[in-house]
Protein chains: 2
Amino acid sequence: MLNSYSSADKVLLAVDCIIFGFDHEGLKILLIQRDFEPEKGKWSLIGGFLKKEEVLDTAAIRILDRYTGLQDIYMEQLHAYSDIDRDPVERTISVAYFALINIENHNAELIQNYHAQWFSVANAPKLIFDHDSMLRHAIRRLRYRTSIKPVGFELLPEKFSMRQLLELYEAILSKELDKRNFISKINSLDILIKLDEKDMQSSRKGSYLYMFDKEKYDAKLLNDFVLNL
Amino acid sequence: MLNSYSSADKVLLAVDCIIFGFDHEGLKILLIQRDFEPEKGKWSLIGGFLKKEEVLDTAAIRILDRYTGLQDIYMEQLHAYSDIDRDPVERTISVAYFALINIENHNAELIQNYHAQWFSVANAPKLIFDHDSMLRHAIRRLRYRTSIKPVGFELLPEKFSMRQLLELYEAILSKELDKRNFISKINSLDILIKLDEKDMQSSRKGSYLYMFDKEKYDAKLLNDFVLNL
DNA sequence: ACTATATAATGTAGTTTTTACACTTATTAT
DNA sequence: ATAATAAGTGTAAAAACTACATTATATAGT
């Protein structure tokens, strides 16, 4: 049994990132066009290999940083994918992560250099390998996560209007929400700060801006909420 | 980029299984006592190494079978654990799975041969490596999963009484539930068959036995239910 | 300065769901 | 016959959820 360590097979471990962003057009993901075979020219999630002395979370952070120039981003491990022929080049197990970023903050130059591009989740191209499956899982997980944890805000600017928040949740859930009911449910969570500032872009009247109140949320010491939208 | 395959590090991949069972004493897990160093004599989850030409799910199934003699068991991938020194012998990433078995069916002789043993989840011993963390995650996931999928039944005999089902959910959630409210919520899911048979062990009056109606459930074509207990 | 326009902001009544709670029934061991 | 034990059952009050329409505000255009 002890020597099972030495007799056991070693494999390549990849990390693939589903990087979510959000803007006026809706929910988006960052994809990269492969410039080498196989599947050259096809679209792919952004990924890389795990280094031997590296934790998976760190690898995901490293990869995200490399392609977006962003640090301190919400990331979450999704699932390990291990189909035998999932990568035709070599037996590779991939651990998928998803990231939620404020799309305004990414380094546009960087992603251009890497031939990366933002796509609407709704009409993303077909992806290589099992990346479509990863994306589907990520969306499902994102729906669940945003219904119990205050992570949706990661996709918005620091200051945002109720309309932006509403549209964010509509994009995540792929369904229309009633504005009044939505606002009262959000308000009942009691985790936002209403600012004196208004966003004057969207209308003549202007709409108040809000911020996520992390201190207040943490102070509640509740683990999860339930946001039934 | 292509040669990043050849330059990338390969690592050992382990699979560890949180095997849940349930009996009159409550929710249990199957643990094994290590008979080799390091951590000899300590309790551990049941695990093994992934083979090069093997899918993770298959490895989990193989490991479960080896220690319990059971096939066709509900299993679900939990998370990949990758702390650098999580296994002091060698750099090993572990993918944890949890399994739900009918505890009556396991092969008692097998687990004896392996020095495995059932423990109440409530007072399980300290486990090696990061296995305590895996167990905590597994319980959290089990709570969630049983609230949206009809998998709790996997832990019960094919025929079970409402009391058994109630006590199962109480064990999973670690809280008392109101009997009448529980029964009406379960009944409103409309996924059980009430048998003519009674369990005469528990009381003079005897309690009706039920079975999970998989056909009916599948026919509904709903993905998930919500069971707020 | 008046008006038109466009989005922001707000409240409620009806319905459904959830909760808390206690007595009767059925069986058999004595 | 009766004592004992768990099984089985219903309801009223509270809370949550749903559907829905009008008024308010700032400015751009005249």
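Just so it is clear: chains get the letters A, B, ... in the order the sequence lines come, proteins before strands, and each one is counted from 1.
Nucleic acid contact for A/M162: none, since no nucleic acid atom lies under 4.0 Å from a heavy atom of the residue.
For D/dA26, the base has no donor-acceptor partner in the side chain of A/K205 [N/O atoms by modelled type, under 3.5 angstrom]. One donor-acceptor pair, N or O on each side, does fall under 3.5 Å between the base of C/dA9 and the side chain of A/K179. Remark: the A/R180 side chain and the D/dA21 base include a donor-acceptor N/O pair separated by less than 3.5 Å.
Toward the 5' end of DNA chain C, the nearer of the two residues B/L229 and B/M200, judged by each one's closest nucleotide, is B/L229. Toward the 5' end of DNA chain D, the nearer of the two residues A/D178 and A/R204, judged by each one's closest nucleotide, is A/D178.
For B/K185, a side-chain nitrogen or oxygen approaches OP1 or OP2 of C/dT19 to under 4.0 Å. One finds no side-chain N or O of B/S161 lying less than 4.0 angstrom from the OP1 or OP2 phosphate oxygen of D/dA7. The side chain of A/S203 contributes no N or O atom lying less than 4.0 Å from OP1 or OP2 of D/dA26. Between D/dA19 and A/N181, no contact under 4.0 Å exists linking OP1 or OP2 to a side-chain N or O. A sub-4.0 Å separation between OP1 or OP2 of C/dA8 and a side-chain N or O of A/R163 is present.
When rounded to the nearest whole Å, the span between CG of A/L227 and P of D/dA16 equals 14 Å. Rounded to whole angstrom, the span from the CG atom of B/L177 across to the C1' atom of C/dT18 amounts to 14 Å. Atom pair A/E176:CD and D/dC20:P shows a separation of 13 Å (rounding to whole Å applied). Rounded to whole angstrom, the span from the CG atom of A/L166 across to the C1' atom of C/dA9 amounts to 13 Å. Atoms CD1 (A/I186) and C1' (C/dA9) sit 16 Å apart, rounded to a whole Å. For the pair B/N228 CG and D/dA16 P, the interatomic distance rounds to 12 Å; values are reported in whole Å. Atoms OH (B/Y210) and P (D/dA7) sit 11 Å apart, rounded to a whole Å. One interatomic measurement links the two molecules: CZ of B/F225 to P of C/dT17, which rounds to 17 Å at whole-angstrom precision.
Out of C/dT18, C/dA9, C/dT27, the shortest distance to the side chain of A/S207 is found at C/dA9.
Not one N or O on the side chain of A/D16 forms a donor-acceptor pair closer than 3.5 Å with the backbone of A/A96. B/D130 places no side-chain N or O within donor-acceptor distance of the main-chain N or O of B/S133, the cut-off being under 3.5 Å.
Proximity of the aromatic rings of B/Y144 and A/Y144 is defined here by a centroid distance below 6.0 angstrom, and this criterion is met.
In this structure, A/I193 CD1 and A/K159 NZ are separated by 10.5 Å, a value rounded to the nearest 0.5 Å.
A pairwise comparison of heavy atoms in A/A99 and A/L64 identifies CB-CD1, 4.0 Å as the closest pair.
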